[in-house]
Amino acid sequence: MQRIGVFVCHCGTNIAATVDVKKVAETLGKEPGVVIAQDYQYMCSESGQNLVKDAIKEHNLTGIVICSCSPRMHENTFRKAAAAAGLNPYLVEIANIREQCSWIHKDIADATEKAVILGRAAVAKVHLNAPLTAGESPVVKKALVIGGGIAGIQTALDIAEAGFDVDIVEKNPTIGGKMAQIDKTFPTLDCAACILTPKMVEASQNERITIRSFSEVTDVKGFVGNFTVKIKKKARYVDETKCTGCGLCTEKCPMKKVPNEFNMGLDNRSAVYIPFAQAVPKVATIDPNYCMMLRTGKCGVCSKVCSVGAINYKQQDEIIEEKYGAIIVATGFNPINLDKYDEFAYGQCPDVVTSLELERLMNAAGPNGGTLLRPSDKSHPHTIVFVQCVGSRCDDSKGKPYCSKICCMYTAKHAMLIREKYPDTEVYVFYIDVRTPGKNFDEFYRRAVEQYNVHYIKGMVGKVTPKSDGKIDVQASDLLANEQLHIDADMVVLAAAIEPDKTARPLATMLTTQMDTNDFFTEAHPKLRPVESATAGIFLSGACQGPKDIPETVAQASAAAAKAIGLLCKNSITCNPCVAHSNELMCNGCSSCEKVCPYGAITYIDKEFRMPDRTTKVRRVASVNPAVCQGCGACTVACPSGAMDLNGFSNSQIMAEVDAICK
């Protein structure tokens with residue numbers, strides 16, 4: 001005979017302001033099998049948990065129902081309390097009367113009635129609950145970091161420092177990411193390379209870190225603690241173990257008119273190249289799209305001049321398979337494509353550039369050796385106009401609805417650097433509003449205005465038109481002065497919005513993680529689990545989760561590393577016992593469940609069955625791997641014969657809840 005306890009939480013006024021909790025407890029106390037029903041101010045508090053423990057022992061309860069907030073918040077709390085009192089933790093049921101009731105109703109009578117219904121459904125389910133035992137799964141003590149920017153590097157260094165092996169997979173020939181392309185960082189104006197390069201070198205020299213550059217993740221299988229990952233190592237046509245990075249092949253290569261992507265296409269490189277001087281690994285890469293030897297079979301200069309014999313034109317892509325206990329996503333961001341913004345003449349006028357292109361123009365390792373020159377005629381610009389929020393905070397299909405967060409600050413940085421190095425250059429900044437939320441950020445912006453005399457104008461640029469004399473006519477509005485402006489500029493700099501890297505969405509599909517409508521990875525909880533994904537064992541680092549500046553990126557990278565270390569420290573993890581299972585007598589071997597399983601937990605086996613006439617028959621039936629199954633329930637919905645069921649959420653339990661609601 002069932003002996004069920006019901007406990008209703010006030011949650012301060014979160015629930016009690018809209019729901020008559022005492023009436024809920026009184027009504028549910030009359031349900032069949034309920035031997036005790038109480039309300040309490042804060043059930044999740046230590047006193048509230050002790051109330052549950054004492055009731056379990058005093059009334060010899062066989063199951064409990066907690067009417068409180070979302071099970072996502074406190075289900076584990078009450079399961080631990082039940083286990084401490086000697087009750088199987090999976091005999092605990094949560095009725096969500098906060099998010100699903102009190103927060104969405106204004107009328108007390110309606111909210112109270114719904115709270116009773118939700119509680120009644122939970123009681124009906126507890127009647128059919130059975131004790132479950134969680135199994136254990138071993139943890140592979142190795143981590144994978146996808147992305148080799150500053151976020152990925154910092155995460156890998158922290159994990160390696162804790163004593164665990166880490167692989168960094170980077171799609172480009174070198175690690176470093178966007179930070180390697182930046183000249184100075186705000187708000188301190190430190191040299192970006194001076195900060196980043198030691199981190200890159202430290203990562204390459206750490207014996208626990210393996211850098212797999214020029215590689216991509218192509219497949220992910222498994223589950224938390226035991227992921228199997230396939231990595232495609234793209235052919236460099238250069239043997240990494242032999243190449244010394246001397247650069248002789250890049251100097252002698254006759255194909256020298258290849259657009260240099262590291263310098264944003266502002267200059268050219270050779271077909272065999274090392275992206276930049278501090279590249280890690282400092283190994284040459286041959287671009288097969290431009291190499292004459294790979295395209296026509298004629299040339300071979302780089303092979304002839306390489307004294308160590310590192311050039312290998314027959315090198316092929318290689319698939320590497322590794323096992324990892326945790327995966328950290330650090331895929332970063334890219335500026336959006338501005339080809340659709342004809343009103344700014346980007347792509348039509350070479351002197352209209354993006355902020356990242358300006359970074360390369362100002363960088364000492366850039367196309368002009370650190371001297372800011374107009375791309376069109378290499379002359380010194382005397383008037384520069386910055387246009388803010390290009391593609392950010394847009395309602396149209398061209399841009400992004402969100403604020404890109406970093407644009408206001410890097411524009412202030414650019415303006416200050418230009419005014420400091422070229423005092424004869426006038427700088428205008430057109431903005432919607434200036435956002436400076438970080439530490440010392442507002443003071444940094446004020447310096448640009450007050451100390452460097454940068455002209456900040458609140459208004460929008462409507463049209464940018466190249467003129468025949470080489471000038472650029474910038475037509476804009478000054479909202480504070482209520483007038484239209486025409487500025488003859490030498491250069492126009494567009495603060496382009498940022499978006500997730502294009503590899504993010506296919507990667508999310510492989511990892512079975514969630515993304516928002518803007519293709520940023522979604523965290524498990526924005527406040528309590530900001531660096532974890534909803535998929536166990538997958539962690540988020542840096543701008544893949546949302547726009548961030550460098551300090552915030554590094555902070556989140558270390559936070560993701562800490563979470564991954566917490567997982568890798570364990571020899572084994574407790575598995576969720578709420579997994580699917582197959583009734584082999586009902587299974588018809590149709591494969592419907594196998595096709596919908598996102599975790600690959602279902603396989604088919606041939607099994608012998610004894611027939612009534614004592615003969616045996618071999619049938620194809622579904623078999624579930626409980627270590628891989630995550631209990632999503634997709635197979636139970638897809639199964640046409642009803643053979644698939646889910647522990648803790650069986651079809652009979654769900655129907656009992658439905659019947660209780662309709663009663």
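The analysis underlying the following values was restricted to heavy atoms, covering all of them including side chains, and did not include hydrogens, waters or symmetry mates. Quick caveat, the model's predicted, so the values are computed rather than measured.
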Do [X] and [Y] have side-chain atoms, one donor and one acceptor, less than 3.5 Å apart?
| X | Y | value |
| --- | --- | --- |
| D490 | H380 | no |
| N334 | D501 | yes |
| T411 | Q388 | yes |
| T174 | S213 | no |
| T155 | S541 | yes |
| T436 | R446 | no |
| H455 | E426 | yes |
| D158 | S558 | yes |

[X], [atom1] atom: more than 12 neighbouring heavy atoms under 6.0 Å:
| X | atom1 | value |
| --- | --- | --- |
| D317 | CG | yes |
| K232 | NZ | no |
| K439 | NZ | no |
| K502 | NZ | no |

Over all heavy atoms of both residues, which pair between P547 and F520 is shortest? Give the atoms and the distance, please.
-> CD-CZ, 3.8 Å
So which heavy atom on I498 is nearest to which on I336, and how close?
-> C-CG2, 4.3 Å
Does the side chain of [Y] come within less than 4.5 Å of [X]'s, by heavy atoms?
| X | Y | value |
| --- | --- | --- |
| K178 | P335 | yes |
| F333 | E499 | no |
| I457 | L485 | yes |
| K413 | I182 | yes |
| F227 | V140 | no |
| D167 | Y324 | yes |
| K405 | R435 | no |
| Q514 | S533 | no |

CA sep, side-chain torsions, deciding dist, call: R505, M515, side-chain contact (heavy atoms from CB on, under 4.5 Å) | CA-CA 8 Å; R505 181 156 287 279; M515 305 191 86; 3.8 Å; yes
Kindly state whether the ring of Y428 and the ring of Y456 have centres lying under 6.0 angstrom apart.
-> no
Assign the ring pair F262 / F276 to parallel, tilted or perpendicular, where the plane angle (0 to 90°) is split at 30° and 60°.
->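 Answer is parallel, since the angle falls under 30°.
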Measure up the Y341 and F344 rings against each other and bin them: parallel (under 30°), tilted (30 to 60°), perpendicular (over 60°).
->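 Parallel: the ring planes of Y341 and F344 meet at under 30°.
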Quick one: do [X] and [Y] make a salt bridge, cutoff under 4.0 Å?
| X | Y | answer |
| --- | --- | --- |
| E532 | K563 | yes |
| E420 | R447 | no |
| R208 | E161 | no |
| K142 | E322 | yes |
| D183 | R360 | no |
| D473 | K463 | no |

Would you give the length of the straight line joining atom [atom1] of [X] to atom [atom2] of [Y], rounded to the nearest 0.5 angstrom?
| X | Y | atom1 | atom2 | value |
| --- | --- | --- | --- | --- |
| E357 | L494 | CD | CG | 8.5 Å |
| L338 | K398 | CG | NZ | 10.0 Å |
| C253 | Y290 | SG | OH | 12.5 Å |
| L540 | E523 | CG | CD | 7.5 Å |

State which residue, out of K378, K471, R374, fulfils the salt bridge (charged side-chain N to carboxylate O under 4.0 Å, His left out) condition with D351.
-> R374
Applying the salt bridge (charged side-chain N to carboxylate O under 4.0 Å, His left out) test to E216, which of K233, K234, K230 qualifies?
-> K234
side-chain hydrogen bond (donor to acceptor under 3.5 Å, both in side chains) with R419: which residues, sequence neighbours excluded?
-> none
